[in-house]
Amino acid sequence: DISILNLNDNTFNNFPENIINMTSLTSVNLQFNLIGSVPSSVCTLTANPCTIDVRNNLIFDCTQIPDCGNAGFITCE
């Protein structure tokens, strides 16, 4: 099973929702893409628990990142 997924520098315009149900993930690096928002469905992924790094994207207001309230977390800035 994959536990660490490095998807940085891929010019993704949207959060790759196809990884949301990958329950083995513990770390996802999405830095340096063109992502502008993070869907609330990401809380399914952070519950693994999983750390998601979305720094250095087009997210201008990190307060808009979902607060999942579970064991994982999302790094925005």
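All of these numbers come straight from a predicted model, not from anything done at the bench.
Residue T51 holds its OG1 atom at 11.0 Å from CG of N29, rounded to the nearest 0.5 Å. In this structure, S27 OG and N6 CG are separated by 8.5 Å, a value rounded to the nearest 0.5 Å. Going from atom CG of N48 over to atom OG of S3 covers 10.5 Å, rounded to the nearest 0.5 Å. Taking CZ of F73 as the reference point, atom SG of C50 lies at 9.5 Å (rounded to 0.5 Å).
Other cluster members for I65: I2, L5, L7, F12, F15, I19, I20, M22, L25, V28, L30, I35, V38, V42, L45, I52, V54, I59, I74, joined by side-chain heavy-atom distances under 4.5 Å among Ile, Leu, Val, Met, Phe, Trp and Tyr.
Evaluation of the salt bridge (Lys or Arg N to Asp or Glu O under 4.0 Å) test over residues 65-77, restricted to residues two or more places apart or in two chains, returns none. Screening residues 42-54 for salt bridge (Lys or Arg N to Asp or Glu O under 4.0 Å) gives D53-R55 as the qualifying pairs, with residues at least two apart or on separate chains.
Nearest heavy-atom pair across Q31 and N56 is OE1-ND2, 2.8 Å. Between P66 and S40, the shortest heavy-atom distance links the atoms CG-CA, 3.8 Å. When all heavy atoms are compared, the tightest approach of G72 to P49 is N-CB, 3.6 Å.
Checking side-chain atoms of T44 against main-chain N and O of N21 turns up no donor-acceptor pair under 3.5 Å.
In this model, a donor atom of one side chain and an acceptor atom of the other lie less than 3.5 Å apart for T46 and N70.
The only member of N57, D9, N10, T11 that meets side-chain contact (heavy atoms from CB on, under 4.5 Å) when paired with F32 is D9.
Here the side chains of E17 and P39 are in contact, with some heavy-atom distance below 4.5 Å.
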